[in-house]
Amino acid sequence: MTQAGLEFGVLLRRLRVEASLTLEGLAEASGVSVRGIGDLERGRVATPQRRTVAALADGLGLGRTEREHLLATARAGRNPRPQPKGLRAFPRGIDDFVGREAELARLAALAAREGAGIPVVVAVSGPPGTGKTSLALRAAHELAERFPDGQLMLDLRGMDDDPPDAAELLLRVLKALGVADRELAMAGPQGHPGLCRQVLAERRCLLVLDNARDEAQVRPLLPGAGDSMVLVTSRRMLTGLESVHRLSLGTLSSAEAAVLLTALVGRERADADPGALAEVAGHCGHLPLALRVAGNWLATRTGWAVRRLADRLALEERRLDALTAGDLHLPAAFHLSYRQLTPAAARMFRLLSLVDGPDAAAAGAAQLTGQSLFDAEDTLEELVETGLLDTDRDRYRFHDLLRLYARGRLRSDEPAGDAEAARSALHRWLLENTVMAGRWYEPDHGAPPVTWRSSVDLSSAEHARQWLQTEGPNWLAALRAAAAAGDHAGVVEVTEALHWFSDQWIFWGHWPEVFATAARSAQALGDPLLEATHLNYHAWALLVCEGRHHDSLARSAQALAAARLAGDPSQQGWAHKYTAWAFRLLGDYAAAVRHNREAATLFDAAGDLHGALQCRVEHDQILVDAGRYEESIAEILDTLSFLDEVGDRVEPHIADFTRTNLQVVIGGAHAHLENWSEAATHLRIAVDLCRASGNTALESRALVHLGNSLLAAGHLAEARDAFSACLALGTTADPTRLTEAGERLTALEATP
């Protein structure tokens with residue numbers, strides 16, 4: 001019998017009597033046996049389990065203050081093992097710690113879960129240099145008082161060639177927790193995991209297991225019961241750990257990066273050139289370790305302006321070498337993870353640096369390495385697991401600095417011929433799939449032939465559209481490479497396949513370049529018909545995508561000359577059609593009508609139904625722009641009837657696009673006549689058609705026209721919804737419509 005045991009027993013009996021409970025009554029209310037309660041009250045059991053005390057407190061119906069008193073009294077008598085000196089000491093944290101407020105708040109909330117009897121285990125993961133250890137240390141210092149039975153931090157040295165195994169770590173934890181050598185010897189190595197779980201279950205401790213190599217190293221150290229908390233940091237995601245909370249760290253925000261750099265270099269130097277400070281942060285990719293290296297570097301070179309380092313880091317080929325300060329060497333941090341990769345993953349890591357765009361899919365990665373799709377996915381997931389690659393749904397991407405490191409490994413570890421062969425294979429695959437995807441929208445093509453085999457799903461026009469948009473930066477780079485290599489026939493073939501698809505993605509931003517490149521390739525091939533075709537496409541891009549009306553007119557004139565040389569009436573018709581469009585936008589309706597009539601005549605002579613249809617639409621639009629609204633409505637309805645009559649003679653996507661455009665135009669005509677209800681009806685039809693086809697460019701136009709009509713009709717809430725929906729479309733929408741929608745919403749917010 002101990003004094004601590006007597007104190008707990010006396011308190012328990014007093015609380016039971018005050019609650020008017022017999023031993024049997026408390027046993028029934030708490031689930032603790034009558035004999036167990038009796039032994040506790042008599043002091044025969046001096047170290048009750050925490051969950052037993054919590055059950056008794058529940059049975060007694062104690063308030064918060066009395067409950068804490070009972071728990072504290074039990075805890076005072078529970079510690080038969082002496083706490084070693086220094087158990088409560090963590091390493092010094094980083095005084096200028098910045099950001100991570102949401103992560104710290106989440107850890108604090110998890111630490112506050114008292115009395116549950118379920119330990120909290122948090123796996124903190126992230127790429128090298130994201131500050132996992134710094135976060136764990138900051139959290140440990142802030143949460144230490146919540147864990148009065150001890151706090152301990154262990155470096156698991158997961159990046160070492162020979163890190164400590166679980167048995168060695170268990171022994172260190174048990175000794176740190178005060179378990180006697182005699183008890184350790186009696187349990188033996190096979191009993192240490194159970195002994196560790198028992199000790200942690202009886203206490204409220206905080207363990208930080210830093211730099212874990214894998215699940216096997218940390219799993220035996222995790223408690224199964226009690227109220228302890230364990231923070232595990234690792235570059236790996238430790239996917240195999242069960243029943244854990246997960247925190248994945250990324251880079252800092254722009255504001256947080258600026259605050260960190262300012263703390264390191266001083267307010268005066270930071271304020272002297274905030275633009276240079278932002279450039280340094282950008283070149284560091286907002287990665288905490290890189291920011292710290294850059295900040296420390298400047299802090300020790302007080303004569304340097306921030307601009308000098310910004311310019312130094314602007315050189316990509318020297319950026320990693322420049323990010324070195326004393327023993328802080330950024331490439332070395334990356335290398336620790338790289339050297340642990342399997343050969344297949346290391347090669348994938350190197351070759352992914354050949355991807356021109358910001359990210360890649362598994363199918364593209366498979367083309368780089370020559371692996372099957374399934375093997376490539378497994379290899380990519382290894383890179384994700386080790387923190388060297390990030391994911392966004394089914395896309396994989398590097399941090400900017402990791403991409404530079406991968407390029408360095410490519411130069412040093414991959415034979416130059418192999419790297420070039422991999423790049424060529426990727427570009428060839430991208431362009432082949434671009435042709436097949438684009439042809440979904442071209443007359444006389446549609447779905448790929450049954451003999452087509454690809455790792456990309458192009459089984460529908462929607463899948464094709466999604467692939468073309470997602471892979472846009474990559475296939476554009478492949479097209480540039482083909483042009484640079486003199487593959488003019490290939491460039492023309494790819495661009496021809498994208499002609500009608502461009503209407504589905506008008507404001508991508510690169511169509512003028514694509515079609516100008518194709519026009520140059522057509523000229524190099526010496527084929528006037530091809531030249532006329534792609535000059536016309538370029539005229540469209542200049543007109544619609546960039547609003548360069550006079551430049552478009554010049555291009556149309558060149559296309560007309562080439563088409564006449566080729567003797568092709570259809571391309572002559574398109575040259576006149578784009579000329580008419582440009583004159584309409586310039587307000588010269590007489591010239592627009594003249595060229596549009598010439599285009600219609602040429603299309604009829606060529607039997608070009610698609611061209612003839614667009615001439616009808618242009619005629620209708622000229623009437624609206626010229627203010628002949630009543631006449632235009634009748635003509636538009638006639639064009640819609642014509643579209644229904646020709647049926648499947650018009651390629652489905654061209655028919656859908658034309659029908660949508662006509663609904664927008666007729667809605668605008670009704671709006672000019674202040675027929676608000678009719679205008680809204682047609683514009684809602686246009687919005688629905690756009691959403692069905694995924695054409696956000698046209699949808700943005702329809703939504704702004706709809707919002708304006710609703711606003712004029714006094715339907716403010718519905719107008720606000722239309723403008724908000726336009727803004728939600730993002731960068732693929734018409735930028736002028738986004739601006740207009742934003743202005744309208746601002747004005748509506750100011751309306752009482």
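Computation of the quantities below employed the complete heavy-atom set of this structure, encompassing side-chain atoms and omitting hydrogens, waters and symmetry-equivalent molecules.
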Counting only heavy atoms not in R393, do more than 12 fall under 6.0 Å of its CZ? no
Counting N and O atoms only, with roles assigned by atom type, does the side chain of N211 sit under 3.5 Å from a partner on the main chain of D155, one being a donor and the other an acceptor? no
For the residue pair H335 / Y405, report whether a side-chain donor-acceptor contact shorter than 3.5 Å exists. yes
Indicate the ring-plane relationship of H534 and Y537, choosing parallel, tilted or perpendicular according to the 30° and 60° boundaries. perpendicular
Could you list the donor-acceptor pairs under 3.5 angstrom formed between side-chain atoms of residues 254-262 and any protein atom two or more places apart in sequence or on another chain?
unit_1 : atom_1 : unit_2 : atom_2 : d
E256   : OE1    : S253   : N      : 3.0
E256   : OE1    : S253   : OG     : 3.4
T262   : OG1    : A258   : O      : 2.7

Taking only residues two or more places apart in sequence, or in another chain, which ones meet R409 in a salt bridge (Lys or Arg N to Asp or Glu O under 4.0 Å)? D413
Residues two or more places apart in sequence or in another chain: which of them pass side-chain hydrogen bond (donor to acceptor under 3.5 Å, both in side chains) with T342? E382
Side-chain donor-acceptor pair under 3.5 Å between Q371 and T379, yes or no? yes
Looking at E420 and R423, does any basic side-chain N land under 4.0 Å from a carboxylate oxygen? yes
Is it the case that E377 and Y396 place a side-chain donor and acceptor less than 3.5 Å from each other? no
Do D214 and Q217 have side-chain atoms, one donor and one acceptor, less than 3.5 Å apart? no
Would you please name every residue forming a side-chain hydrogen bond (donor to acceptor under 3.5 Å, both in side chains) with R411, sequence neighbours left out? none
Is the closest side-chain donor-acceptor distance between T239 and E385 under 3.5 Å? yes
What I want to find out is whether R236 reaches E215 closely enough, with some N-O distance under 4.0 Å, to be called a salt bridge. no
Looking just at side-chain N and O atoms, do D457 and S459 make a donor-acceptor pair shorter than 3.5 Å? yes
Under 3.5 Å, side chain of K132 to main-chain N/O of S234, donor-acceptor pair present? no
Checking T696 side chain against T732 main chain: does a donor-acceptor pair fall under 3.5 Å? yes
Between H499 and F515, the two heavy atoms sitting closest are CA-CZ, 4.4 Å
Considering only residues two or more places apart or on different chains, which pairs with a residue in residues 280-324 satisfy ring pair (Phe, Tyr, Trp, His ring centres under 6.0 Å)? W297-W304
Strictly by ring pair (Phe, Tyr, Trp, His ring centres under 6.0 Å), give each pair with a member in residues 468-498 just once, sequence neighbours left out. W475-W508
Ignoring hydrogens and geometry, is there a side-chain-to-backbone donor-acceptor pair from W440 to L458 under 3.5 Å? yes
If you measure from the Lys or Arg side-chain nitrogens to the Asp or Glu carboxylate oxygens, is any gap between R439 and E496 under 4.0 Å? no
Residues 353-365 vs salt bridge (charged side-chain N to carboxylate O under 4.0 Å, His left out), sequence neighbours excluded, gives D359-R395, D359-R397
Stepwise, does the side-chain contact (heavy atoms from CB on, under 4.5 Å) test hold for L291 with L252? CA-CA 10 Å; L291 292 166; L252 298 178; 4.0 Å; yes
Counterpart residues, side chain to side chain contact (heavy atoms under 4.5 Å, CB included), relative to E432 (two or more places apart): R428, W452
Show me the pairs that pass salt bridge (charged side-chain N to carboxylate O under 4.0 Å, His left out) and involve residues 314-324, at least two apart or across chains. E316-R407
Partners meeting ring pair (Phe, Tyr, Trp, His ring centres under 6.0 Å) with F398 (sequence neighbours left out): F349
Closer than 4.0 angstrom, basic N to acidic O: yes or no for D210 and R157? no
Which residues share a ring pair (Phe, Tyr, Trp, His ring centres under 6.0 Å) with F507, sequence neighbours left out: none
Using a 3.5 Å distance criterion without hydrogens, assess whether the side chain of R213 forms a donor-acceptor pair with backbone atoms of D160. yes
Flag for N536-T533: side-chain donor and acceptor within less than 3.5 Å: no
Ignoring hydrogens and angles, tell me if any N or O in the side chain of H399 forms a donor-acceptor pair with the backbone of G285 under 3.5 Å. yes
Just by distance, no angles: are the side chains of S460 and H463 close enough, under 3.5 Å, to form a donor-acceptor pair? yes
Going by the rule side-chain hydrogen bond (donor to acceptor under 3.5 Å, both in side chains), which residues pair with T470 if we only count those two or more places apart in sequence or in a different chain? none
